[in-house]
Amino acid sequence: MVMTLTSLMRTVSAGALLAATILVSTSGAHAQAAGGNGGWFVPKAAHPNAPAPRPVQRRVPVSVPEEENDSAPVEQQQAPPVLPLPPIPAPPTIAKASPPPAAVIGVINVQAVMQISSAWQEIQQVLGARRDRLAQAVQREEAAWRGEQQKLQAQARTLTSDQIQLRERHLQERRAKDQHDFGNQARLIQEAAQVAMHQIERELEEPNGIIAAVAAAHNMNLILHAEQVVLHVGGQDITEEVGTQLNKTLPHVFIPDDGVDPEQLARSGKMPTTADEQRQAQGPQQEPPAAAPNESVLRQHH
């Protein structure tokens, strides 16, 4: 009975793993939207098939003799090796060619474009609501799971060892199922965001996209991110014009319905996929490597 109750306490202490695993995967998009992704909605990757935690293996520390630590001076251990230096041919003289056209520079703030975009706001609203519902479901299940733990702990003195072990196993199986189910829901939200955001990316960044069109209208041939520019004049900033054109061209984006697996949708053949996009980028003479049967097409190309 003592050994069984000890294993029960280890199960109780591991209960926080469920909330930590799922809440991190569902709430990571808030930090990313305000951080280095320039305001783009990129939820953190989930781990749908997370295995149950294994028992901690205790290891006895082994002391290292002092003479082994002082076996060689630090300078000798860090000295780079002396390697052969084969000769290389001198580069040929290249004939002079015509200079490139003078640079006509424009700047753009992509994060500000996203704030203007109605499609971006739609993504934030729809997928933010799904993320909040998932977080609430995780919290409810975590509270219910902890309640079952406390109930088992209170009844432990009246149960046999076999009964306690059976209840413990049921709790562990329930926790593993929760991690799988909630992790899969987080993956659906993440991949739906990738599908939606990639539409905005393509509309802006393709060779015939909005940025190229606005730049051509001003005879600009070099567009820089505003974060890279220390000084520019107002006429060089095309941010607001790009945002306005984006709202006219792409006021809404396609977002997979709640609960719909984007990977299953890609395999249905109802619309082009990222695999088709990569094949077009590589050209007709190159074939992309075949994806594994269970490998995500979206995760493969993003």
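Because only heavy atoms are used, hydrogens play no part in the values below, and waters and symmetry mates are left out as well, while side chains stay in. Being a predicted model, the structure only gives us computed values, none of them experimental.
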Under the 3.5 angstrom rule, does the side chain of [X] hit a backbone N or O of [Y] as a donor-acceptor pair?
X: Glu205; Y: Ile211; result: no
X: Thr249; Y: Leu246; result: no
X: Asp257; Y: Val260; result: no
X: Ser268; Y: Leu265; result: yes
X: Trp145; Y: Leu171; result: yes

Test of understanding: with side chain to side chain donor-acceptor pair (under 3.5 Å), list the residues that count as partners of [X], not counting sequence neighbours.
X: Arg133; result: Asp258
X: Glu206; result: none
X: Thr244; result: none
X: Arg169; result: none

If you compare all heavy atoms of Ala156 against all heavy atoms of Ile164, which two are closest, and at what distance to 0.1 Å?
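Looking at all heavy atoms of both residues, the shortest contact is O-CD1, 3.5 Å.
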
Among the clusters formed by ILVMFWY side chains lying less than 4.5 Å apart, do Ile238 and Val104 turn up in the same one?
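Result: yes, single cluster for both.
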
Same apolar cluster: Val110 and Ile116, side chain cutoff 4.5 Å
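No, it is not one cluster - the side chains of Val110 and Ile116 are not joined through contacts under 4.5 Å.
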
Above 12 or not: heavy atoms from other molecules or residues under 6.0 Å from CD of Glu240?
no

To which residues is Leu222 joined in a hydrophobic cluster, defined by side-chain heavy-atom contacts under 4.5 Å among Ile, Leu, Val, Met, Phe, Trp and Tyr, whether direct or through other members?
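In the cluster with Leu222 are Ile105, Val107, Leu224, Val229.
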
So, using side-chain contact (heavy atoms from CB on, under 4.5 Å) as the criterion, who are the partners of [X] when residues are at least two apart?
X: Asp162; result: Thr160, Gln165
X: Asp261; result: Arg187, Leu188, Glu191, Glu263, Gln264
X: Ala137; result: Arg140, Phe182
X: Val253; result: Ala119, Glu122, Ile123, Ala196, Gln199, Ile200, Leu250, Ile255

Rounded to the nearest 0.5 Å, how far apart are CD of Gln124 and OG of Ser117?
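The distance works out to 10.0 Å.
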
Using the test salt bridge (charged side-chain N to carboxylate O under 4.0 Å, His left out), find all partners of Glu148 that sit at least two apart in sequence or belong to another chain.
Lys151

Assess the side chains of Arg167 and Gln155: does a donor N or O sit below 3.5 Å from an acceptor N or O?
yes

Could you name each residue pair satisfying side-chain hydrogen bond (donor to acceptor under 3.5 Å, both in side chains) that touches residues 85-98, not counting sequence neighbours?
none

Could you list all the side-chain hydrogen bond (donor to acceptor under 3.5 Å, both in side chains) pairs where at least one residue sits in residues 221-239, not counting sequence neighbours?
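Matches after skipping sequence neighbours: Asp237-Thr239.
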
Could you give me the CA-CA distance, side-chain angles and deciding distance for Arg130 and Gln185, then say whether side chain to side chain contact (heavy atoms under 4.5 Å, CB included) is met?
CA-CA 9 Å; Arg130 295 182 191 178; Gln185 293 178 45; over 6 Å; no

